[in-house]
Amino acid sequence: IKQTNWNAEWEKNFQPITVDGLVTVRAPFHKKPDTDYDIIIEPKMSFGTGHHETTHMMIQYILSNDVIDKKVLDMGCGTGVLAILAEMKGAAQIDAIDNDNWCYINSLENVQRNNCKKINVLEGDASLLNDKQYHVVIANINRNILLQDISIYASCLDENGILLLSGFYNDDIPIIMAECQIHGLNLVKTLEQNNWVALKFEK
């Protein structure tokens with residue numbers, strides 16, 4: 001194989017993204033943008049650069065919802081990008097949880113890289129949520145994990161709290177909705193990109 005500077009190749013192909021003209025997600029080597037929120041992410045082996053439809057839609061939800069002075073959970077945090085945006089938008093306290101060690105370490109690095117002070121990064125799963133309460137729960141994972149854990153998200157969500165779910169397809173909406181309704185969660189908004197969906201529920 002011809003000698004190649006793979007890091008340079010990666011940098012060349014990793015482009016910054018802008019969401020709704022308000023948020024830029026970029027790598028450290030990109031120049032500083034002229035947007036309200038500038039998030040610097042070095043993704044490594046973690047999911048969550050904003051390029052995937054589900055991350056993009058979750059960013060849109062955080063932009064359009066009030067998180068000022070609220071307690072937020074970013075479940076399956078990947079790179080930590082959603083938790084970082086929540087802090088930038090004024091959240092009082094954020095727990096960012098992932099069961100993957102790569103993601104845990106990468107989130108710690110990205111939280112520090114963005115000078116965040118209110119994000120608590122944890123390695124583990126929904127079993128860490130015992131006795132915790134949140135105003136907003138964000139979970140961008142996959143259908144099976146969501147179906148398994150929706151009851152836990154509902155139990156740690158304050159009355160009138162918001163649950164944001166993504167990581168599944170349009171065809172999965174009925175089964176996700178049915179599980180949420182069992183736990184007193186009502187669907188109030190749907191976003192869709194390329195058959196991927198993101199749902200907003202209220203308790």
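Starting from 1, each residue takes its place in the sequence as its number.
Evaluation of the side chain to side chain donor-acceptor pair (under 3.5 Å) test over residues 145-157, restricted to residues two or more places apart or in two chains, returns none. Residues in residues 62-77 take part in these side chain to side chain donor-acceptor pair (under 3.5 Å) pairs, two or more places apart or across chains: N65-K200.
By the 4.5 Å heavy-atom criterion applied to side chains, T35 and L22 are not counted as neighbours. Here the side chains of M75 and L129 are in contact, with some heavy-atom distance below 4.5 Å. Between C180 and L165 the shortest side-chain heavy-atom distance falls below 4.5 Å. Side chains of T24 and H30 form no contact here, defined as non-hydrogen atoms less than 4.5 Å apart.
Side-chain atoms of Y134 do not come within 3.5 Å of backbone N or O of D95 as any donor-acceptor pair. Formation of a donor-acceptor pair under 3.5 Å by the N195 side chain with backbone atoms of Y169 is not found in this model. A donor-acceptor pair under 3.5 Å links the side-chain atoms of S166 to the main chain of V197, judged by distance alone. Between the H135 side chain and the I68 main chain, no donor and acceptor come within less than 3.5 Å of each other. With hydrogens and angles disregarded, a donor-acceptor distance shorter than 3.5 Å links the side chain of N106 to the backbone of E42. D98 places a side-chain N or O within 3.5 Å of a backbone atom of D100 that can act as its donor or acceptor partner. A distance-only check finds no donor-acceptor pair linking the side chain of H183 to the backbone of L185 [under 3.5 Å]. With N110 contributing its side chain and T79 its backbone, the two residues share a donor-acceptor pair below 3.5 Å. Not one N or O on the side chain of N194 forms a donor-acceptor pair closer than 3.5 Å with the backbone of W196. With N142 contributing its side chain and N144 its backbone, the two residues share a donor-acceptor pair below 3.5 Å.
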Hey, mind stepping through M58 and I138 against side chain to side chain contact (heavy atoms under 4.5 Å, CB included) and telling me if it holds?
-> CA-CA 8 Å; M58 291 303 235; I138 303 162; 3.7 Å; yes
Step by step, work out the side chain to side chain contact (heavy atoms under 4.5 Å, CB included) result for L82 and I59.
-> CA-CA 7 Å; L82 302 177; I59 289 172; 3.7 Å; yes
Under the side chain to side chain contact (heavy atoms under 4.5 Å, CB included) criterion, do I84 and I41 qualify, and how do the steps go?
-> CA-CA 10 Å; I84 291 165; I41 293 294; 4.0 Å; yes
Could you give me the CA-CA distance, side-chain angles and deciding distance for V19 and H56, then say whether side chain to side chain contact (heavy atoms under 4.5 Å, CB included) is met?
-> CA-CA 7 Å; V19 179; H56 192 279; 3.6 Å; yes
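When N170, I175, I176 are each tested for a side chain to side chain contact (heavy atoms under 4.5 Å, CB included) with I173, only one passes: N170.
L147 contributes atom CG, which lies 11.0 Å from atom CD1 of I141 (distance to the nearest 0.5 angstrom). Note: R26 CZ to T18 OG1 = 10.5 Å, rounded to the nearest 0.5 Å. Rounded to the nearest 0.5 Å, atoms CZ (F201) and CG (L164) are 10.0 Å apart. The line from CD of E53 to CD of E192 is 10.5 Å long, rounded to the nearest 0.5 Å. Remark: C77 SG to L122 CG distance equals 8.5 Å, nearest 0.5 Å. Note that CG of D125 is 8.5 Å distant from CD1 of I145, once rounded to the nearest 0.5 Å.
Note on D158 versus K203: no salt bridge recorded, every NZ/NE/NH1/NH2 to OD/OE distance being 4.0 Å or above.
Residues V136 and I119 are members of one and the same hydrophobic cluster, defined by side-chain heavy-atom contacts under 4.5 angstrom among Ile, Leu, Val, Met, Phe, Trp and Tyr. M177 and V137 fall within the same hydrophobic cluster, where Ile, Leu, Val, Met, Phe, Trp and Tyr residues are linked whenever their side-chain heavy atoms come under 4.5 Å apart, directly or through other members. Connection of L163 to L191 is not established within any shared hydrophobic cluster, with ILVMFWY side chains joined at heavy-atom distances below 4.5 Å, either directly or through further cluster members. Using a 4.5 Å cut-off between side-chain heavy atoms of Ile, Leu, Val, Met, Phe, Trp and Tyr, with links allowed through other members, L85 and I97 fall into different hydrophobic clusters. Both M57 and V23 are part of a single hydrophobic cluster, where members link through side-chain heavy atoms under 4.5 Å apart.
Minimum interatomic distance between L63 and K89 (heavy atoms only, all atoms of both residues): O-NZ, 3.0 Å. Between V72 and A91, the closest heavy-atom pair is CG2-CB, 3.9 Å. Residues S107 and G78 approach most closely at OG-O, 2.7 Å, considering heavy atoms. Taking both residues in full, the closest heavy atoms of K189 and Y61 are given as O-OH, 3.1 Å, listed atom of the first, atom of the second, then distance. Contact detail for R113 and I40: the closest heavy-atom pair is CD-CG2, 3.5 Å.
Side-chain N/O atoms of N101 and E123 include a donor and acceptor closer than 3.5 Å.
Other residues, nucleotides and ligands contribute only 12 or fewer heavy atoms inside 6.0 Å of the CG atom of D34. Counting non-hydrogen atoms of other residues, nucleotides and ligands closer than 6.0 Å to CD of Q193 gives a total above 12.
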